[in-house]
Every structure is written in C-alpha cells, then in structure tokens.
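In what follows, a single structure is set out as structure tokens and then discussed.
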Amino acid sequence: MKLLGQFLNSTASALMADPFLKLAAAVATFDPWWNTFEEWDTDYDDDPQLIALQVSRRAFPDIYAEAHHLLRTGASEEAVNRFFCQAFTAKGIPLQDIEGIGFGIPIDAYGADLCDREFYDTHPDLLPILELLGLPGADDDAYVDVPDDVVNAGVAIARSLTAHPNTAYKQVGTLFGWLFSCTGNSQVDYTYENLSELEPLSWTPDDIAFSIELIAEANGMMQDVHEGIHILTASPDLMAVLYTNVTTLRKQKGCTDDYCLQWPGAGTSAERKTTRNVNVLQLWDHVAEAA
Amino acid sequence: MVDVQFTNVDLRECLMALPPVDLLALRLLSEQPQILVSTSSLSRAQLIQAITEMVQYTETSTVMGEQIGTLSPVPLLDAPMLEFGL
C-alpha cells in the first residue's frame with residue numbers, strides 16, 4: 001500500500017513537472033468527455049445519461065459541471081438521472097424521464113381536438129363555452145363534426161380578441177386561439193398526433209434556444225387559456241355577448257372583419273352601466289383605464 | 001524579393017514562449033496534486049468553476065484546431081525558406 005502511495009506521488013510529481021502533461025491531466029480530471037462528442041449530431045442509440053452529458057456539456061456547462069461533480073462523488077445513476085431531469089426542466093425544457101432524451105427535445109402537445117368526443121369528456125369546464133358554438137352536435141358520437149362556419153367564427157373571435165388592448169379579452173382570445181388551433185404556437189395548436197408527424201427538434205444550439213422560447217410562450221398561453229375559461233364561465237353577460245358575436249359571424253358565413261364583432265367596453269357608457277356582473281365590470285373598468 | 005528570416009524554429013520558439021494558459025484547474029492541481037485521484041477535497045463551487053472553465057478551454061482549443069486544419073494554403077512564391085533550400 002505504501003509502495004502504491006509512493007508510486008502515485010511520483011507519478012503526480014512527474015505530471016506536474018511537465019506543462020503539457022499537467023494540462024493533459026487537468027483536462028482528464030475536469031473534462032474527461034472532452035473528445036467523446038465530436039459533433040452536435042446525437043447518436044440516439046447511446047446511453048441516455050451519455051446523451052445528457054453531451055447535451056449539457058455543449059448547451060448548459062453549469063449542468064454538465066454539476067453532473068460531473070455528482071459522478072465523481074459517487075452518486076447513483078438514478079440520482080444523476082434525476083438531477084438531469086430537474087436541471088433541464090429548470091432551464092425551460094421540461095424533462096420527465098431521461099430515457100426520453102434520445103428522442104430529441106421533448107415537447108408536450110397541448111392542442112385541442114374539437115373533433116374528438118373524448119376532448120369534451122375530459123374538459124367539462126369548457127362545455128358551457130362550446131355549447132355557444134353548438135358543439136358537440138346532438139347527433140355526434142365519437143367523432144364530432146365541427147362545421148366550417150363554427151371554425152371560421154372561432155378563428156375570427158380569437159383574432160379579434162387577441163388584438164384587444166384589454167388583458168382579460170386577450171386571455172379569452174387565447175382560449176379561442178387554443179380551441180381553434182390558431183395561436184401560431186405549434187405546442188399549443190398541435191395535438192400529440194399532429195406533433196408526432198413532425199421531425200423532433202434535435203439538441204442543437206438553435207433548436208434548444210427555439211424550444212425554450214416555444215415552451216415558455218406555450219406555457220404563458222396555456223395560463224391565459226385557463227384564465228380565459230375562468231373569465232368566461234364566471235361572466236354570464238360576457239357569454240351572452242360572445243353568443244351574439246358567434247351567431248352574427250355564423251350568419252355572415254365567417255366574416256373575419258372586426259367591424260362585425262361587438263365587445264363590451266367598445267359600446268356606449270349607458271351599456272356599461274347596465275352590467276351587474278363583477279367580472280365584466282372589472283373588464284370594462286380596464287378598458288376605461290386603457291382608454 | 002521579400003527577405004524572410006523567420007524560420008519554423010523561430011515560430012516554435014515563439015509559441016513556446018507564450019505564457020501558460022491560466023486555468024483554475026491547473027492552479028488547483030499545482031496546489032493539491034492528490035485531486036488527480038479524487039476531487040473530494042475541492043468545494044462544490046470550486047469544482048464547478050474549474051469544470052466550466054475547462055470545458056470552455058477545450059471547446060475553444062477544438063474549434064481553433066479545426067480552423068487551423070482547414071486553413072487555405074498561402075503561396076509565398078518570393079519567400080526563401082532556408083530549411084528547404086536546394
């Protein structure tokens with residue numbers, strides 16, 4: 001044992017005495033995977049932990065350093081994998097399971113499928129809103145037929161309200177954008193079936209940056225969607241206005257011009273005074289403040 | 001004719017005269033050679049800083065190596081190369 005210690009000491013002294021060997025020893029100690037990954041191309045057959053090391057080394061050096069620290073201090077494989085999931089999630093790319101890292105950047109699909117009866121079963125809070133649009137039809141079974149004029153009306157309402165200066169209206173607009181898949185954010189607009197037909201985003205710098213932006217925007221939109229549902233379902237008066245607009249749009253075969261859409265707050269002050277709903281009052285107050 | 005007196009020996013000497021790169025990892029190795037065997041004596045913050053710096057260094061070196069490897073040759077028709085003179 002003593003001999004082994006002497007051998008280690010003399011080897012260390014020899015390494016430290018030569019600047020090149022010292023640098024090589026430093027690289028081997030602090031960045032042992034420095035030449036493991038030649039390119040950004042990921043071999044998806046690799047061990048998921050190795051892929052996580054490759055990705056983090058290039059994109060998130062702080063995560064790589066932490067993982068390296070864990071590995072050097074003897075952390076279990078499970079602990080290191082758990083760390084990777086938490087660290088990637090903290091960076092804005094939610095990673096539930098490291099096994100999925102080999103399939104590219106994981107993107108959840110939030111898209112609404114109004115043609116699928118299951119969507120209505122799993123979103124009972126949306127039923128009062130969807131009823132305004134005549135959905136689902138009385139004769140619809142597993143497949144819900146969504147008429148073109150309903151789609152056109154939904155898209156027109158989404159476009160009109162997302163451009164509205166009032167935050168609450170914008171949120172209702174985002175709700176309609178989500179329902180009719182026209183927000184422009186593919187994570188919000190696409191269902192899993194739609195998304196699975198696309199090439200997954202790879203772990204390249206451009207795709208990573210794009211994914212972080214996409215996911216952050218989608219999360220913000222989905223928060224607005226939930227707020228929009230709350231605002232609408234808590235405001236019978238606003239639901240009535242929405243119904244009027246939907247009916248007008250459907251009669252006009254999907255007129256997308258803003259002139260045919262009337263929203264509270266854009267009307268006369270007398271109209272504003274007639275409201276009794278607290279949420280709508282707040283909504284109109286915001287419009288008044290903005291004006 | 002351009003009279004070039006700078007030889008490849010001069011170039012090597014010039015490169016060898018460059019000051020060594022200042023990396024935390026090298027300083028730590030000088031102070032604590034035992035970290036070649038185990039880095040347990042280092043604080044987490046030190047280790048992470050050293051690793052982050054080393055990754056940047058190896059990445060920069062790799063990129064520089066790739067760039068040098070793909071440099072286009074520059075014909076020096078008028079420069080006398082003393083080592084290869086016939």
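Here is the naming used below: chain letters follow the sequence lines, and residue numbers restart at 1 for every chain.
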Ignoring hydrogens, what is the shortest heavy-atom contact between [X] and [Y]? Give both atom names and the distance.
| X | Y | value |
| --- | --- | --- |
| B:Ser38 | A:Arg72 | CA-NH2, 4.3 Å |
| B:Leu36 | A:Ala25 | CD2-CB, 3.6 Å |
| B:Ile51 | A:His68 | CD1-ND1, 3.0 Å |
| A:Phe30 | B:Leu28 | CZ-CD1, 4.3 Å |

Does anything in residues 193-200 of chain A get under 4.5 Å of chain B by heavy atoms, and if so which residues?
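Within residues 193-200 of chain A, no residue comes under 4.5 Å from chain B.
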Residue part contacting chain A, namely of B:Leu23, when any heavy atom lies under 4.5 Å:
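When you check distances to chain A, only side chain atoms of B:Leu23 fall under 4.5 Å.
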Taking side chain as everything from C-beta outward and backbone as N, CA, C, O, which of these in B:Ser61 sits under 4.5 Å from a heavy atom of chain A? Side chain, backbone, both or neither.
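Contact with chain A: none, neither part.
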For A:His226, ring pair (Phe, Tyr, Trp, His ring centres under 6.0 Å) partners two or more places apart:
none
How would you list, by chain and number, every residue that makes a ring pair (Phe, Tyr, Trp, His ring centres under 6.0 Å) with A:Phe88, sequence neighbours excluded?
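Expected list: A:Phe60, A:Trp203.
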Decide if atom [atom1] of [X] counts as having more than 12 heavy atoms of other residues, nucleotides or ligands within a radius under 6.0 Å.
| X | atom1 | answer |
| --- | --- | --- |
| B:Gln34 | CD | yes |
| B:Gln32 | CD | yes |
| A:Glu118 | CD | no |
| B:Arg27 | CZ | yes |
| A:Phe119 | CZ | yes |

Nearest 0.5 Å, what's the NE2-CD1 distance between A:His69 and B:Ile48?
6.5 Å
Roughly how far, to the nearest 0.5 Å, is CE of B:Met54 from CH2 of A:Trp34?
11.0 Å
Taking only residues at least two apart or on different chains, which pairs with a member in residues 17-32 of chain A satisfy side-chain hydrogen bond (donor to acceptor under 3.5 Å, both in side chains)?
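As it turns out, the side-chain hydrogen bond (donor to acceptor under 3.5 Å, both in side chains) pairs with a partner in residues 17-32 of chain A, which skip direct neighbours, are A:Lys22-B:Ser30, A:Asp31-A:Arg57, A:Asp31-A:Tyr64, A:Asp31-B:Thr58.
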Test log, rule side chain to side chain contact (heavy atoms under 4.5 Å, CB included), inputs B:Thr39 and A:Thr73:
CA-CA 8 Å; B:Thr39 51; A:Thr73 50; 5.6 Å; no
For A:Leu23, is it the side chain, the backbone, both, or neither that has a heavy atom closer than 4.5 Å to a heavy atom of chain B?
both
